[in-house]
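Heads up: the structure comes next, in structure tokens.
All chains are named by letter (A, B, ...) in the order of the sequence lines, taking the proteins before the strands, and each is independently numbered beginning at 1.
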Number of protein chains: 2
Amino acid sequence: MPEAPLPRLSPNHAEMLVLSVLAEGPSYGYAITKAIDLGSEGSFAMGAAKLYPLLARLDKQGLVTTTWEEVKARDSDDETNGRRRKWYTLSPKGERRLEQHVQAHRRFTALIDAFLPPLEARPA
Amino acid sequence: MPEAPLPRLSPNHAEMLVLSVLAEGPSYGYAITKAIDLGSEGSFAMGAAKLYPLLARLDKQGLVTTTWEEVKARDSDDETNGRRRKWYTLSPKGERRLEQHVQAHRRFTALIDAFLPPLEARPA
DNA sequence: TTCAGATATATCCATTATCGATATATTCCG
DNA sequence: CGGAATATATCGATAATGGATATATCTGAA
């Protein structure tokens, strides 16, 4: 029997995961996706089309602050080098939002579990 | 501070809840919504535009079987009375699907919880 | 008796969210 | 030398949702 696919992340869940990654320190888009990809064993892999609009929304709502970093080649000091990284830092407002998401998620799972058969100790 | 809104149900979660209601016995659309509405304290209230297409999909996939019931007025035996109810019964295939949904949901929450701060025993 | 609210099923449409593809450019490593 | 990885971002087609609309009956309170 095939592994049943996981339910898809709701927008709120996706936002919560991104914020939870940023709660451990500033990061940038690509690294955030990788963290979520690895941390979920690939189950919550986010495409760029999902990630970047989400990050833009977080910025617009003041949940994160952003700064650009010029990434220079290891073997070069060339300042005109165009490689760039956009760093995201969780704002106090973002921290509060994360806590709200976590609380909402706990209520969410509690409500759902009430519909499901109890998880019993399995006979050996 | 306002109650943070719950994450929205994914299609899989909505399907799981409907199937879990039917696992307790046959039911019909309106009663299913009421069961989910009450069982979730209104949090997962489903509009008709969500419920009926969902039920139609379950039927088409063979997860439920359906029968029509003619609902007669309490004080009448009139057979031409047009009130009707569509009953849904969980099929064996539907039972298996429900179990898959439940397993997937457990994995889903476990993966998400790994991103969140542990729920510690609170100091009194 | 009347009339609002509940019961009961179902679809339409505008909005939103998602996935896959596309675009661009650099850097790493074999 | 060249493909995979790094890095950001948008476009367009598809899918799912919420609110409204449609229809018809039944219940209970004023």
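- Rounded to the nearest 0.5 Å, atoms CZ (Phe108(B)) and CG (Leu6(A)) are 7.5 Å apart.
- Going from atom CG of Asn12(A) over to atom C1' of dT16(C) covers 13 Å, rounded to whole Å.
- Taking atom CG of residue Leu54(A) and atom C1' of nucleotide dA9(D), one finds them 14 Å apart after rounding to whole Å.
- The cluster map of Ile, Leu, Val, Met, Phe, Trp and Tyr, joined by side-chain heavy atoms under 4.5 Å apart, puts Val64(B) and Trp87(B) in different clusters.
- Under the 4.5 Å side-chain heavy-atom criterion for Ile, Leu, Val, Met, Phe, Trp and Tyr, Ile32(B) and Leu116(A) are members of the same hydrophobic cluster.
- dA9(D) atom C1' lies 16 Å from atom CE of Met46(A), rounded to whole Å.
- The CG atom of Asp37(A) sits 11 Å away from the P atom of dT6(D) (whole-angstrom rounding).
- Hydrophobic clustering, with ILVMFWY side chains joined whenever heavy atoms are under 4.5 angstrom apart, keeps Tyr28(B) apart from Leu63(B).
- Remark: P of dT18(C) and CZ of Arg57(A) are 7 Å apart, rounded to the nearest angstrom.
- Pro5(A) and Asn12(B) get closest at one heavy-atom pair: O-ND2, 4.1 Å.
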Protein-to-nucleotide contact annotation, 5' to 3' order, nucleotides 4-11 of chain C [B base; S sugar-phosphate only; - none; under 4.0 Å, heavy atom] = --SBSBBB

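- Regarding Leu9(B), its CG atom lies at a distance of 13 Å from the C1' atom of dA16(D), rounded to whole Å.
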Hey, can you pull the donor-acceptor pairs under 3.5 Å for the side chains in residues 13-24 of chain A, sequence neighbours left out?
from	atom 1	to	atom 2	distance (Å)
His13(A)	ND1	Ser10(A)	OG	3.0
His13(A)	NE2	His105(A)	ND1	3.0
Glu15(A)	OE2	Arg97(A)	NE	3.4
Glu15(A)	OE2	His101(A)	NE2	2.8
Ser20(A)	OG	Met16(A)	O	3.4
Ser20(A)	OG	Leu17(A)	O	2.7

